[in-house]
Amino acid sequence: MGNFDDSLLAQLNESQREAVVYCDGPQLVIAGAGSGKTRVLTYKIAYLLDHYDMAPWNILALTFTNKAAREMKERIGRLVGQDRAVRLQMGTFHSVFARILRVEAERIGFGANFTIYDQADSRSLVKSIIKEMQLDDKTYKPASVADRISMAKNHLLLPQQYAVSSWATDDMQHKRPMVADIYNRYAERCRQANAMDFDDLLVQTYVLLRDHEDIRKKYVERFQYVLVDEYQDTNFAQQAIVLQLTREHGRVCVVGDDAQSIYSFRGANIDNILDFQKQYDGARLYKLEQNYRSTQLIVQAANSLIRKNERQIRKDVFSENEEGERLTLKPAYSDKEEAMIVCNDIKRIRRKEGGEFSDFAILYRTNAQSRSFEEQMRKDGIPYRIYGGLSFYQRKEIKDVIAYFRVVANPNDEEALRRIINYPTRGIGDTTVGKIVETANLHNVSLWQVIAQPMVFDLKLAKGTLTKLEAFKLLVDGWRGRIDNEDAYELGHSIIMESGISKDIYSSNNPEDLSRQENLEEFLGGMQDFVESRREEGREQEIGLSDFLQEVALLTDLDSEGDEEQPKVTLMTIHSAKGLEFPTVFVVGLEENIFPSPMCINSMRELEEERRLLYVAITRAEKHCILTCAQNRFRYGKMEYDTPSRFIKDIDPSLLRVEGGAGLGGFTSSSKPVSRFQNPRPVATQFVADAKPRLVPVRQEAPRPQSAIGNIGLKEGNVIEHQRFGVGRVLRIEGSGENTKATVEFKNAGTKQLLLKFAKYTIVG
């Protein structure tokens with residue numbers, strides 16, 4: 001038995017406790033908004049470790065974000081000890097399956113060093129194939145075709161099956177009969193390049209388990225208990241893999257809320273959670289209905305809305321918090337006035353109640369709606385941030401650097417190779433690349449194999465061009481020779497300097513180039529942090545370029561949001577807000593043609609998802625939930641008239657207070673002038689007072705670990721100031737000499753275990 005005392009169960013309410021202690025068969029836990037879902041999952045894992053005497057590595061917990069996995073691991077560590085928590089098999093579907101595939105890749109015809117393609121890589125490859133097939137890219141739009149292939153993979157439709165399925169028939173009707181051929185070529189090219197896209201991490205895991213019974217049994221035996229978070233967000237493939245791993249023993253617990261299923265556009269299938277009890281005989285249903293987040297009236301209003309949906313697992317969510325205030329609807333005459341109302345409310349609530357700007361969130365249905373709020377907040381001096389905007393790793397200069405890294409790790413990576421072969425310019429133009437591609441396709445090999453052995457594959461190029469290709473090959477080979485001996489930062493720094501990227505980016509001081517320089521600086525700092533963090537955690541075997549690439553590939557926009565010192569109002573789409581909570585939430589743009597989306601109004605299934613989306617938005621609020629809509633909105637280059645969203649009428653009117661405006665019967669004409677927009681000017685995604693760009697050369701020095709002298713005199717109870725994690729208290733010290741480790745509880749960073757020979761800290765008390 002371990003550290004999980006039964007008295008800890010007393011901290012749970014009755015429903016939570018019942019869900020935690022039942023571990024003998026398939027189990028569906030419907031967790032209403034704010035009902036302590038994460039607590040149930042963490043306590044359940046701790047309970048399995050101690051009451052069922054399971055080893056940590058025999059428990060598989062699948063999440064949708066790295067952040068959720070980290071948070072759960074930390075919480076479990078506090079219950080049963082960090083040493084056991086770190087050995088749990090816990091992570092996102094994609095990261096856990098990527099690890100399995102690295103081990104088993106050769107059984108399905110891939111090399112263990114396969115590259116992971118992101119969405120942009122996939123689209124780029126599809127675009128190349130459409131061009132090679134001489135198809136009209138207006139009929140076969142690369143992004144649409146790539147999305148179609150992705151959705152097919154989510155349904156486990158492989159190219160051969162796709163070609164004879166109703167999907168292919170549908171393509172014929174839409175005059176796109178060649179999609180099946182494009183999909184087939186795409187799959188072949190990925191295999192030639194030893195690459196998998198994000199969807200392949202699921203598909204190939206499914207295929208591996210389907211076709212190799214010995215491997216399936218190995219993982220069934222290893223994962224004796226399987227838990228799935230956010231089960232309402234799983235797609236067909238994810239559900240199928242969970243079934244492959246659990247169909248014999250049935251020791252599976254899925255947790256989620258069908259009322260928060262909002263990702264069908266990504267392939268999420270609400271039927272997985274609604275039909276769980278049909279999939280598993282004898283499955284038990286548990287409902288967590290007490291909301292700890294919101295006031296009573298917010299919970300009641302959200303309930304009244306979601307009751308209008310037909311397809312759902314009925315539950316009665318309640319709150320024992322204070323009654324609070326009703327939802328407030330504030331109609332506006334224009335989107336500009338809507339922005340003013342929201343900004344004035346932020347200032348009013350802060351004056352009245354105090355609090356930080358970070359206590360406020362503005363949620364909208366589409367990203368385009370942020371503009372008016374950004375403009376108004378800049379005028380009013382309200383700091384803000386766009387959550388989930390263009391990700392750092394999607395910026396051009398960062399993608400260029402990463403493409404170099406990918407080629408060094410896996411030179412058969414076609415998409416990365418094409419991106420960098422002539423950047424910075426080295427005289428290898430499109431015509432040359434076209435000939436390399438043609439030769440590679442003719443011999444069914446990768447582009448790199450042709451570049452490495454042009455004579456063997458009879459590559460017909462001028463002597464001068466062949467010399468340039470040879471110089472490029474030698475450059476890449478030089479870096480490849482160092483991959484096993486240097487960490488990601490050392491090698492990455494050299495690649496940036498020696499490739500000419502640094503020279504290119506530092507060649508000018510115009511504002512755009514200053515921004516690129518800052519991004520490159522930030523990127524190098526991130527690589528340095530990656531290497532040092534892993535060294536400190538005693539993971540020195542995992543600091544190479546390939547390890548860094550895998551970390552970057554698995555990052556999501558939500559995961560990559562760092563802590564920021566200055567509190568800011570958060571602007572985000574409702575889809576990005578799921579799982580978050582704020583004292584005050586504004587749900588803006590509640591008009592027909594915006595929310596519900598005009599694309600959803602002809603399908604009951606899609607309309608119900610839109611209603612769930614509003615339910616998610618309302619249940620983000622702890623104290624205040626303010627809804628807004630505008631009579632006139634500047635869209636598609638002109639001012640448009642809109643009526644209030646049908647969903648407003650779905651909320652019990654006794655729980656909704658309408659303030660100002662013309663009520664809910666549709667807005668009547670008014671003599672009040674409609675605010676016209678001034679000429680818009682470009683706005684930053686974050687408000688930063690007096691920001692001045694720094695221009696510094698790319699750092700030459702590699703990170704220097706602190707010598708072992710640093711831990712002299714360090715003892716339990718000491719307070720330290722760590723270079724990255726800040727102030728923390730030493731809980732315990734273990735080991736000796738070079739293997740001395742300290743477990744430190746940091747004020748903001750949580751509990752960390754540090755290998756002292758690499759830790760950078762000062763003893764402050």
Side-chain angles (χ1 to χ4, degrees), residues 66 94 115-125 195 197-198 385-410 413-425 475-476 479 483 487-533 543-562 564 684-686 688 691 693-699 703:
N66 294 314
H94 293 91
T115 300
I116 300 171
Y117 280 1
D118 66 11
Q119 185 187 58
D121 299 320
S122 300
R123 288 182 174 181
S124 176
L125 179 53
D197 62 26
F198 255 53
R385 62 171 183 155
I386 303 270
Y387 192 100
L390 184 63
S391 159
F392 181 80
Y393 290 100
Q394 296 303 319
R395 294 172 191 165
K396 182 192 178 297
E397 57 276 11
I398 304 303
K399 288 206 69 126
D400 290 339
V401 172
I402 288 171
Y404 267 94
F405 292 0
R406 280 169 38 179
V407 169
V408 172
N410 170 18
D413 183 336
E414 177 181 333
E415 286 308 297
L417 186 65
R418 288 170 80 130
R419 187 179 183 105
I420 65 153
I421 196 164
N422 200 36
Y423 172 73
T425 311
L475 195 62
V476 173
W479 295 320
I483 203 162
D487 65 45
Y489 175 83
E490 289 171 322
L491 183 54
H493 186 279
S494 296
I495 292 169
I496 289 166
M497 297 299 287
E498 294 160 18
S499 63
I501 288 178
S502 176
K503 187 179 175 189
D504 175 62
I505 287 179
Y506 281 88
S507 61
S508 152
N509 284 345
N510 67 39
E512 190 183 343
D513 279 321
L514 285 173
S515 168
R516 292 165 73 206
Q517 290 158 19
E518 288 166 348
N519 287 338
L520 192 60
E521 281 291 304
E522 186 64 32
F523 180 74
L524 275 164
M527 287 190 79
Q528 216 168 350
D529 189 52
F530 168 83
V531 171
E532 290 186 26
S533 293
I543 58 173
L545 201 62
S546 295
D547 301 304
F548 178 73
L549 285 172
Q550 181 146 323
E551 183 97 333
V552 167
L554 295 170
L555 270 179
T556 67
D557 283 350
L558 284 177
D559 288 339
S560 59
E561 290 288 345
E564 292 167 312
T685 55
Q686 293 179 349
V688 183
R694 280 185 316 117
L695 176 60
V696 288
V698 177
R699 285 184 288 272

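This one's a predicted model, so the numbers in the text were calculated from it and none came from an experiment. Computed over heavy atoms, backbone and side chain alike; hydrogens, waters and symmetry mates excluded.
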>> Quick check: closest heavy atoms across D400 and K396, and the distance to 0.1 Å?
In response: OD2-NZ, 2.5 Å
> So do D118 and K399 actually touch side chain to side chain, heavy atoms under 4.5 Å?
Replying inline: yes
>> Show the nearest heavy-atom pair for residues A488 and M527, with the distance to one decimal.
In response: O-CE, 2.9 Å
> Just wondering, do I496 and L524 contact through their side chains at under 4.5 Å, heavy atoms?
Replying inline: yes
>> Would the distance check show the side chain of D487 and the main-chain N or O of E490 forming a donor-acceptor pair, the cut-off being under 3.5 Å?
In response: yes
>> Applying side-chain hydrogen bond (donor to acceptor under 3.5 Å, both in side chains), can you list everything that pairs with T115, at least two apart in sequence or on another chain?
In response: N410, D413
> If you round to the nearest 0.5 Å, how far is CD1 of I495 from CD1 of I501?
Replying inline: 9.0 Å
>> Measuring only between side-chain heavy atoms, which start at C-beta, is F198 closer than 4.5 Å to Q119?
In response: no
> So which heavy atom on I483 is nearest to which on V408, and how close?
Replying inline: CD1-O, 3.9 Å
> For the rings on F523 and Y404, is their centre-to-centre separation under 6.0 Å?
Replying inline: no
> For S499, what residues pass the side-chain hydrogen bond (donor to acceptor under 3.5 Å, both in side chains) criterion, not counting sequence neighbours?
Replying inline: none
>> To the closest 0.5 Å, what do you measure between CG (L545) and CD1 (I402)?
In response: 10.0 Å
> Are R406 and R419 close enough that some pair of their side-chain heavy atoms sits under 4.5 Å apart?
Replying inline: no
> So, do D197 and D121 sit near enough that their side-chain heavy atoms are less than 4.5 Å apart?
Replying inline: no
> If you look at every heavy atom in A416 and A403, which pair is closest and at what distance?
Replying inline: CB-O, 3.5 Å
> Can you tell me how far OG of S124 sits from CZ of R418, rounded to the nearest 0.5 angstrom?
Replying inline: 6.5 Å
> Does some side-chain heavy atom of F405 sit less than 4.5 Å from a side-chain heavy atom of F548?
Replying inline: yes
>> Give me the atom names and distance for the closest heavy-atom approach of V531 to Y489.
In response: CG2-N, 3.7 Å
> Can you list the residues that meet the side-chain hydrogen bond (donor to acceptor under 3.5 Å, both in side chains) rule with E498, with sequence neighbours excluded?
Replying inline: W479
> Are L520 and Y506 side-chain neighbours, meaning at least one heavy-atom pair lies under 4.5 Å?
Replying inline: yes
